[in-house]
Colleague: 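Please find one structure pasted underneath; my questions will follow.
Numbers restart at 1 for each chain; the letters A, B, ... are given by sequence-line order, proteins then strands.
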Amino acid sequence: MNSINDLLPRPKRAVKSNVSVAVATAGALKNPETQIVVPAANKLVVVRPESGLARPPTEVVNETRDRTQAAIDAILDKKLGTKTKEKSGPSIVKYTPAAHVNESARERTLKIVDVQYDPLEPARHKHVKAPARPPSPPAPVLKAAPPKLTAEEQRQWYIPPSVSGWKNNKGFVIDVEKRVAADGRFDESAVQAGDRQAQLAEALYEAESKARQEVNERNEAAQQRQLKAQEAKELRLKLLAQKARKRPLDDGESEREKDRSSRLKKALKERDISEAAALGHKPALTGDAQFDSRLFGKSTGSKGLYDEPLFAAEQAARQIYRPKLDEKSAGPVEFERIEDKYE
Amino acid sequence: MNFEYGPWEETGLGKSTRLSVLRRTYAKPELAVKTLPAAPKSNEPAEGTSAQVGFLAKHDSWKLLRVITGHEGWVQSICVEPDNQWFATGSADHTIKVWDLASGKLRLTLTGHIMGVRALEVSDRMPYLFSAGEDKTVKCWDLESNRVVRDYHGHLSGVYSLSLHPTLNVLVTAGRDSVVRVWDIRTRHEIHVLQGHRGPINSVQCQAVDPQIVSGSQDSTVRLWDLAAGKCVETLTHHTKSVRSVLIHPTEFTFMSADRDAIKKWQLPAAAFMGDFKADKPRITNTLSLSVDDLLFAGGDDGTLNFYDYNTMEMVFQTQTTPVPGSIAEESGILCSSFDKSGIRLLTGEADKSIKVWGPAD
């Protein structure tokens with residue numbers, strides 16, 4: 001292997017080696033004469049020989065290293081400006097112009113001298129942007145194309161456009177159905193009642209109806225009991241009344257009167273009275289206790305408010321200015337009514 | 001293997017009574033969903049093949065050995081040092097932490113990034129640790145003074161991936177600005193800006209021979225780049241989804257790339273498609289790691305650990321990560337992973353802010 005080209009892949013990614021190759025399916029080309037194989041994507045099965053994959057020998061490694069190092073050094077020299085240009089003196093060149101340029105051409109001797117370079121001189125060249133190189137041709141795609149989506153899959157991937165329930169800056173007319181669909185609250189398909197939910201609902205319904213039935217039965221039983229108790233009570237009262245009616249009426253005082261007298265006696269007995277009162281003595285009153293204290297402060301305070309007539313002074317004044325009935329002149333003027341002819 | 005693993009029962013951190021509590025609660029992970037396919041029968045097996053398969057057969061189930069907590073964010077990047085003594089993790093909490101591999105003890109915390117650290121790599125030729133973060137910076141840490149000695153300035157957006165060239169003093173980074181940038185480590189100059197991807201680049205890897213750079217992007221393509229010329233030489237369009245991880249095989253001339261649907265294996269230099277690693281179902285793969293025993297680990301975004309035999313491309317073992325108690329269910333992704341240099345320990349950085357150490361069950 002002398003050059004890098006030997007190491008680099010051939011065009012059309014052909015493999016030429018002693019590797020025995022089996023092609024799994026059609027679509028991969030095989031040329032049996034030269035063992036050149038164009039692999040189809042992921043279909044190539046390479047049966048590896050015992051010593052086909054050995055790394056290149058040390059000579060190749062060293063050669064690669066030296067060649068790459070030289071290339072790198074050249075780049076770095078350029079970049080760093082460390083390349084020392086060997087100072088060459090004027091060179092003498094002998095040269096004969098071409099015959100079609102000058103008929104009478106003769107050999108000339110030229111002396112080539114480097115122009116003195118002024119390091120402070122501004123650059124003479126103009127910066128011109130070089131057009132970009134054409135891109136390298138795209139690499140052949142060696143993988144199977146992704147499978148085409150079926151209509152079903154496409155439908156599964158469809159994402160409906162977002163419709164906001166709050167914003168519509170451009171004022172588009174949006175169908176009510178779409179608004180409703182955009183609002184998750186009304187999405188009935190999202191609420192999928194499962195089997196267990198149905199079971200739960202059914203169980204709840206059954207339990208409830210059973211409970212209702214039991215309550216009804218209990219109520220009925222209680223009602224029956226109540227009815228029976230009432231009937232029994234009525235019967236008892238009826239019997240009592242019959243009994244009472246059958247008892248003779250002439251046996252002295254009625255029980256009620258007896259009760260009343262005994263109660264009076266008992267109340268009298270329990271009445272709390274002093275000994276003197278019990279003996280019939282009048283208690284001797286002394287001091288203020290002899291009189292009703294309300295009578296004392298008659299002239300003062302609010303106690304005497306009702307002792308005098310309320311409008312006594314006014315009444316007196318009225319007495320003074322009251323016109324006498326018998327004095328006609330003193331009374332108010334009376335006008336006679338004139339008969340109305342047309343009435 | 002010139003080292004000894006410490007006692008695994010030993011407590012991981014200084015003040016971590018919590019850790020011991022955590023460790024008690026781990027259930028044994030589920031065992032293999034698929035058994036290892038039979039070893040190829042051949043009179044003259046290829047060099048190391050039978051031994052490797054025999055070794056692998058012992059590793060057909062993996063279990064959680066240790067949980068290391070300490071980061072306060074997603075652990076987004078992890079790398080094991082060449083001498084296998086320690087490993088470094090970068091996290092969304094803006095820090096890089098260096099842990100002892102054997103004991104799991106914290107050795108060092110490096111602060112300097114101002115956003116999450118997305119990529120880390122320790123050089124095996126220089127005493128340097130390189131880190132790249134979402135803060136658009138790429139930093140070079142001197143591991144003798146534990147300071148940043150160089151900054152690589154130029155990314156226009158977060159840097160998601162970083163790779164060191166095995167033979168040249170060249171650093172390759174890529175990120176959200178969908179270009180791969182090639183830096184001269186010493187002079188900090190940008191050598192190349194490799195344009196071509198149409199989406200953020202998730203993963204970039206370097207190797208010593210052409211094509212020297214491989215990058216996987218969210219535009220669901222993998223591109224191979226010529227480092228000397230600074231050009232894209234190949235675009236692989238087989239993937240259907242974002243390519244989250246690209247991994248170059250260290251000894252075979254192949255590489256792998258993972259998207260949601262498949263992990264694909266490619267033969268270099270021509271990037272010929274070799275086949276898919278078969279998964280039980282489509283699953284986002286965040287990270288790929290390959291052990292020295294050719295055991296391929298794919299860490300899923302849903303917290304699954306998938307182990308594949310690299311040669312037969314069959315799944316060997318699958319298990320689910322154990323979330324740290326208290327982390328929510330969404331935080332179960334495996335974000336980064338690395339086998340140690342011996343291949344018998346797997347380190348995963350996870351979205352539950354922990355680093356988990358996994359080992360063969362027997």
Colleague: Looking at every non-hydrogen atom in both residues, tell me the closest pair between Ala54(A) and Phe253(B) and how far apart they are.
Modeller: O-CB, 3.5 Å

Colleague: Evaluate the criterion salt bridge (Lys or Arg N to Asp or Glu O under 4.0 Å) for residue pair Asp210(B) and Arg67(A); output intermediate values, then yes/no.
Modeller: CA-CA 11 Å; Asp210(B) 282 314; Arg67(A) 186 167 41 78; 2.8 Å; yes

Colleague: Below 4.5 Å, heavy atoms only, C-beta onward: do Leu53(A) and Met274(B) meet side chain to side chain?
Modeller: yes

Colleague: Given 3.5 Å as the limit, does a donor-acceptor pair link the side chain of Arg65(A) with the main chain of Pro166(B), or not?
Modeller: no

Colleague: Could you check whether any side-chain heavy atom of Leu236(B) comes within less than 4.5 Å of a side-chain heavy atom of Leu142(A), counting everything from C-beta outward?
Modeller: no

Colleague: Does the side chain of Lys143(A) come within less than 4.5 Å of Ser220(B)'s, by heavy atoms?
Modeller: yes

Colleague: Answer with side chain, backbone, both or neither: which region of Pro250(B) has an atom nearer than 4.5 Å to a non-hydrogen atom of chain A?
Modeller: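 Contact with chain A is through the backbone of Pro250(B) alone.
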
Colleague: Counting only non-hydrogen atoms closer than 4.5 Å, does Thr187(B) touch chain A with its backbone (N, CA, C, O), its side chain (CB onward), both, or neither?
Modeller: side chain

Colleague: If I measure from the heavy atoms of chain A, does Val182(B) come under 4.5 Å with its side chain, its backbone, both, or neither?
Modeller: neither

Colleague: What closest approach, in Å, do Pro140(A) and Thr237(B) show between heavy atoms, and which atom pair accounts for it?
Modeller: O-OG1, 2.5 Å

Colleague: Once you round to the nearest 0.5 Å, how far does CG of Asp184(B) lie from CG of Leu80(A)?
Modeller: 8.0 Å

Colleague: So what's closer than 4.5 Å to chain A heavy atoms on His192(B): side chain, backbone, both or neither?
Modeller: side chain

Colleague: Considering residues, nucleotides and ligands other than His127(A), do more than 12 of their heavy atoms fall under 6.0 Å from its NE2?
Modeller: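 No, the 6.0 Å shell around NE2 holds no more than 12 heavy atoms from other groups.
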
Colleague: Please find the pair of heavy atoms, one from Ala228(B) and one from Ala71(A), that lie closest to each other, and give the distance.
Modeller: O-CB, 3.6 Å

Colleague: If you look at every heavy atom in Arg55(A) and Gln207(B), which pair is closest and at what distance?
Modeller: NH2-OE1, 2.6 Å

Colleague: Tell me whether the count of non-hydrogen atoms from other residues, nucleotides or ligands lying under 6.0 Å of CD in Glu202(A) goes above 12.
Modeller: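 No - once you tally the heavy atoms of other residues, nucleotides and ligands closer than 6.0 Å, there are 12 at most.
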
Colleague: What part of Thr251(B) is in contact with chain A, defined as an atom under 4.5 angstrom from a non-hydrogen atom: side chain, backbone, both or neither?
Modeller: backbone

Colleague: Write down the atom of His189(B), the atom of Leu76(A), and the distance for their closest heavy-atom approach.
Modeller: CB-CD2, 3.8 Å

Colleague: With no hydrogens and no angle check, just 3.5 Å: does a side-chain donor-acceptor pair link Gln212(B) and Thr64(A)?
Modeller: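 No, no side-chain donor-acceptor pair sits under 3.5 Å.
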
Colleague: A quick test of your reading: do over 12 heavy atoms of other residues, nucleotides or ligands sit less than 6.0 Å from NZ of Lys231(B)?
Modeller: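 No, because the 6.0 Å sphere around NZ of Lys231(B) holds 12 heavy atoms or fewer from other groups.
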
Colleague: In terms of heavy-atom contacts, does CZ of Arg186(B) have more than 12 from other residues, nucleotides or ligands at under 6.0 Å?
Modeller: no

